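Structure, as structure tokens:
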Amino acid sequence: MKNGVTGIGGLFFKSEDPKASKEWYQKHLGFNTDDYGCTFWSKDVAGNDCATQWSPFEEKTDYFEPSKKDFMFNYRVKNLVDLLVELKKEGVTIIGEIQEFEYGKFGWILDNEGNKIELWEPVDSVFK
């Protein structure tokens, strides 16, 4: 698949106390946390900077719906529009419409078990 996933863009999970979770991870594991969680930087095979986001969400968030899980994976993709067209042809459930921000485009799908997956076509340079 030419427009598949290129990496993990983020790990999002529900937390009883997101602020306390961020503080715990900062104190005990050295996470460089901010209001959104922690951004990890790496390089892709071409040497480009890549951001991966770690974020605790409020326990009552509806952001992961319709999934009933307490987590959601975000995967990096190269061409979100083409990928969603291809996935729709394959019978994959698409959730909502593409949203675009200065840091990239986002789309959502459900996997075979009903887990919501966020697909992100990133613009990593805006994080610098």
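Note that this is a predicted model, so its numbers are computed, not measured.
Residues passing the side-chain contact (heavy atoms from CB on, under 4.5 Å) test with V85 are K89, sequence neighbours excluded. For the side chain to side chain donor-acceptor pair (under 3.5 Å) test, residues two or more places apart in sequence or in another chain that qualify with S15 are S21. Residues satisfying the side-chain contact (heavy atoms from CB on, under 4.5 Å) criterion with F57, sequence neighbours excluded, are F12, S55, T61, Y63, F64. Annotation: side-chain contact (heavy atoms from CB on, under 4.5 Å) contacts of S42 (sequence neighbours excluded): C50. With sequence neighbours excluded, no residue satisfies side chain to side chain donor-acceptor pair (under 3.5 Å) with W54. Contacts of D70 classified as side chain to side chain donor-acceptor pair (under 3.5 Å), with partners at least two apart in sequence or in another chain: none. Taking K19 as the reference, E23 meet the salt bridge (charged side-chain N to carboxylate O under 4.0 Å, His left out) condition, with sequence neighbours excluded. Every side-chain contact (heavy atoms from CB on, under 4.5 Å) that L11 has, sequence neighbours left out, goes to F73.
R76 places no side-chain N or O within 3.5 Å of a backbone atom of T52 that could act as its donor or acceptor partner.
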In residues 30-37, what donor-acceptor pairs under 3.5 Å come from side-chain atoms, sequence neighbours left out?
residue, atom, partner, partner atom, Å
D34, OD1, Y36, N, 2.8
D34, OD1, G37, N, 3.1

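A salt bridge (charged side-chain N to carboxylate O under 4.0 Å, His left out) check over residues 56-69, counting only residues at least two apart or in different chains, returns nothing.
The shortest heavy-atom contact between E121 and L80 is OE1-N, 2.8 Å.
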